*Asks:* 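Before we start, here is the structure in question, set down as structure tokens.
Along the sequence shown, residues carry numbers from 1. Please read all numbers here as calculations on a predicted model, not as lab measurements.
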Amino acid sequence: ENCRKRQQRLAEEHIETNRARLLRNFLMIADDLERALQSEGNSDSLRDGVIVTYRSMNQVLRQEGVEQIDAKGKTFDPEWHEAVGTVPHREVGTKRGRVVEVAQQGYRLDGKLLRPAQVIVAR
């Protein structure tokens, strides 16, 4: 019984440590966003700040095992894609069943679906 309780406590401590590490990384991104919003000047400096923040966020996601689902131009795959619209294939000059546009990026976590890509498909 004592061994089981100790294992449970160690597992909970491990989860909390990883959670705190991940949240510290996202706090750095929040800091970048705050600096970008506080920057004075033209819209180009704001855009540059947002680009830096976006890159930082993607780096954190990659470190955590998150990868984007490559969808545009690929054959529609219901395992990774969610169709939110269609267009005639002749109108876009591609084969039926091809993804012609990504409405919302999809992601995998360690090879498993985290969120499907929302896509427009040629019909």
*Asks:* I'd like to check the side-chain hydrogen bond (donor to acceptor under 3.5 Å, both in side chains) partners of E16; sequence neighbours left out, ordered by chain and number.
*Replies:* none
*Asks:* Which residues satisfy the salt bridge (charged side-chain N to carboxylate O under 4.0 Å, His left out) test with E82, sequence neighbours excluded?
*Replies:*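 With neighbours one apart ignored, the set is empty.
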*Asks:* Does any pair with a residue in residues 56-78 pass ring pair (Phe, Tyr, Trp, His ring centres under 6.0 Å), and if so which ones, sequence neighbours excluded?
*Replies:* F76-H81
*Asks:* Taking the hydrophobic residues Ile, Leu, Val, Met, Phe, Trp and Tyr, and joining any pair whose side-chain heavy atoms are under 4.5 Å apart, which ones share a cluster with L27?
*Replies:* none
*Asks:* Does Y107 sit in a hydrophobic cluster with other residues, and if so which ones, taking ILVMFWY side chains as linked at heavy-atom separations under 4.5 Å, directly or through other members?
*Replies:* L22, F26, I29, Y54, M57, V60, L61, V66, L109, L114
*Asks:* Which hydrophobic side chains are connected to I15, either touching it within the sub-4.5 Å cutoff or through other members that do?
*Replies:* none
*Asks:* Would you mind writing out the side-chain donor-acceptor pairs for residues 88-99 within the sub-3.5 Å range, not counting sequence neighbours?
*Replies:*
residue, atom, partner, partner atom, Å
H89, ND1, R123, O, 3.0
R98, NH1, G73, O, 3.3

*Asks:* Working note: E64 + R21, criterion side-chain contact (heavy atoms from CB on, under 4.5 Å); need CA distance, chi angles, decisive distance, verdict.
*Replies:* CA-CA 11 Å; E64 294 303 317; R21 179 189 49 78; 2.5 Å; yes
*Asks:* By the salt bridge (Lys or Arg N to Asp or Glu O under 4.0 Å) test, which pairs, at least two apart or in different chains, include something from residues 99-117?
*Replies:*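 Salt bridge (Lys or Arg N to Asp or Glu O under 4.0 Å) check on residues 99-117 returns E67-R108.
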*Asks:* Could you please spell out the steps behind the side-chain contact (heavy atoms from CB on, under 4.5 Å) verdict for I69 and L113?
*Replies:* CA-CA 9 Å; I69 295 172; L113 183 65; 3.8 Å; yes
*Asks:* Going by the rule salt bridge (charged side-chain N to carboxylate O under 4.0 Å, His left out), which residues pair with K74 if we only count those two or more places apart in sequence or in a different chain?
*Replies:*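 For K74 the salt bridge (charged side-chain N to carboxylate O under 4.0 Å, His left out) partners, ignoring immediate neighbours, are D70.
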*Asks:* Taking only residues two or more places apart in sequence or in another chain, which ones pass side-chain hydrogen bond (donor to acceptor under 3.5 Å, both in side chains) with S56?
*Replies:*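 Partners of S56 by the side-chain hydrogen bond (donor to acceptor under 3.5 Å, both in side chains) criterion, ordered by chain and then number, come out as D32.
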*Asks:* Hey, are the side chains of V84 and V119 touching, using non-hydrogen atoms and a 4.5 Å cut-off?
*Replies:* no
*Asks:* Show the numbers, then the answer: is there a side-chain contact (heavy atoms from CB on, under 4.5 Å) between V87 and V100?
*Replies:* CA-CA 8 Å; V87 294; V100 295; 3.8 Å; yes
*Asks:* Applying salt bridge (charged side-chain N to carboxylate O under 4.0 Å, His left out), can you list everything that pairs with R4, at least two apart in sequence or on another chain?
*Replies:* E1
*Asks:* Which pairs with one or both residues in residues 5-15 pass side-chain hydrogen bond (donor to acceptor under 3.5 Å, both in side chains), sequence neighbours excluded?
*Replies:*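 Sorted result for residues 5-15: Q8-E12, H14-N18.
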*Asks:* How far does CG of N58 sit from CD of Q105, to the nearest 0.5 angstrom?
*Replies:* 9.0 Å
